Amino acid sequence: MCRNAIAISSVLFAFSLGACGDDDVGQNDAAVVMDAASDAQTHPDVQVQPDAQVTTCDLPPRDFWVYDLSVMPPDWLQVSATCRGEGTHGIIYVADDIWETEMDQTDVDGVLAAYDNATPGDPTRGIYELVTTAYGEPTDVDGNDRVILLYSELPSFGSSEFDGYIRAEDVLGGSHSNGAEMFYADGVRNDPAGEYMLGVVAHELTHLIHLNHDLNEASWLEESLAEAAMVLCGYLGDLQTWVAGDFAPNPNQSLTQDNPSFNYGAGFLFGAYLLERYG
């Protein structure tokens, strides 16, 4: 399984592909940074979870702008979602069309417990605290000091499957901005509260933070730092898939290739090195 990327003007995609190869799909005026880890079916389901507590949310339902990823360049769609969990640092919305068919309250509570309270990397700190301590705070354009996690069914494009992404226009503004710090995650293919998808949450939160601190970072370095965030939180899925499965058999692959040629195995190792060497 090979994660690859499509670069579209100011748009940067990374996602799972059935086969490796570069694609150039043209221009798009949206400012977005997306990233998705590779197919979780190859990952062991590491059940190291904090104790989830039932969470509630009194915020009203919302319609969110999302990308229709079944076409390239992607189009815009609106997804109707209801808030299902509200914590100290995160607010979880779930698309109405997958609620209690693909995701339920147990999933929401598990995600929020890991996001706010505890991770395999530190049972006393959640994903948000660990990642923001390492990289800094995200913006706060909506003034609520929290990040929205929107779970829906992310469509596929050919053999490509998407697990999560952020859209820079949500915080930088634009005609299809949701005006909030948020990222988008698939709630259908993999367990939202499982080790694999919680690693995606840590990875995407790092990209969201980068929007507040360094919009012009080289993509290979930003991806390496996002991989380090997964290690920091104790989510090591890419160690098996990308390090053992892709980089180790061919270690001559470059670390410093920007997307779409970035190698996540090399980035995982470099990010883990920086974390171990410098903290």
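Worth knowing before you read on, the calculation uses all heavy atoms, side chains too, and leaves out hydrogens, waters and symmetry mates. Every value quoted in this text rests on a predicted model; they were computed, and no experiment measured them.
Ring planes of Tyr278 and Tyr273: perpendicular class, angle over 60° (limits at 30 and 60°). A perpendicular orientation is assigned to the rings of Trp65 and His176, their planes being inclined by more than 60° (bins at 30° and 60°). Relative orientation of the Tyr165 and Tyr67 rings is perpendicular, given thresholds of 30° and 60° on the angle between their planes.
Counted within 6.0 Å of CD on Glu153, heavy atoms from surrounding residues, nucleotides or ligands total 12 or fewer; the atom is thus considered open.
The minimum heavy-atom distance between Leu198 and Ala193, with the atom names listed, is CD1-O, 3.5 Å. Closest approach of Ala229 to Thr206, counting heavy atoms only: CB-OG1, 3.1 Å.
Within the 4.5 Å cutoff, side-chain heavy atoms of Thr119 are placed close to those of Tyr235. Using a 4.5 Å cut-off on side-chain heavy atoms (C-beta onward), His213 and Tyr135 make no contact. Put simply, the side chain of Leu236 reaches to within 4.5 Å of the side chain of Val231, judged on heavy atoms. Under the 4.5 Å side-chain criterion, counting only non-hydrogen atoms from C-beta, Asn178 is not in contact with Glu169. Counting heavy atoms from C-beta on, the side chains of Tyr93 and Cys83 come closer than 4.5 Å. Under the 4.5 Å side-chain criterion, counting only non-hydrogen atoms from C-beta, Glu102 is not in contact with Tyr151. Annotation: side chain of Tyr115 is in contact with side chain of Leu149 (closest heavy-atom distance under 4.5 Å). A heavy-atom distance below 4.5 Å is found between the side chains of Ser224 and Phe262.
Between the side chain of Asp140 and the main chain of Asp145, a donor-acceptor pair closer than 3.5 Å is present. Although no hydrogens or angles enter the test, the distance criterion places no donor-acceptor pair under 3.5 Å between the side chain of Arg167 and the main chain of Val66. Between the side chain of Thr241 and the backbone N or O of Asp238, no donor-acceptor pair lies under 3.5 Å. At distances below 3.5 Å, not a single donor-acceptor pair connects side-chain atoms of Glu204 with backbone N or O atoms of Ala185. A donor-acceptor contact shorter than 3.5 Å links the side chain of Glu181 to the backbone of Val141. Side chain of Asn117 to main chain of Gly126: no donor-acceptor pair is present (N/O by atom type, distance under 3.5 Å, no hydrogens or angles). The backbone N or O of Ala180 sits nowhere less than 3.5 Å from a side-chain atom of Asp170 that would complete a donor-acceptor pair. With hydrogens and angles disregarded, no donor-acceptor distance shorter than 3.5 Å links the side chain of Asp246 to the backbone of Gly265. Under a 3.5 Å cut-off, the side chain of Asn263 and the backbone N or O of Phe247 do not form any donor-acceptor pair.
A salt bridge does not link Asp107 with Arg84: none of the charged nitrogens is closer than 4.0 Å to a carboxylate oxygen.
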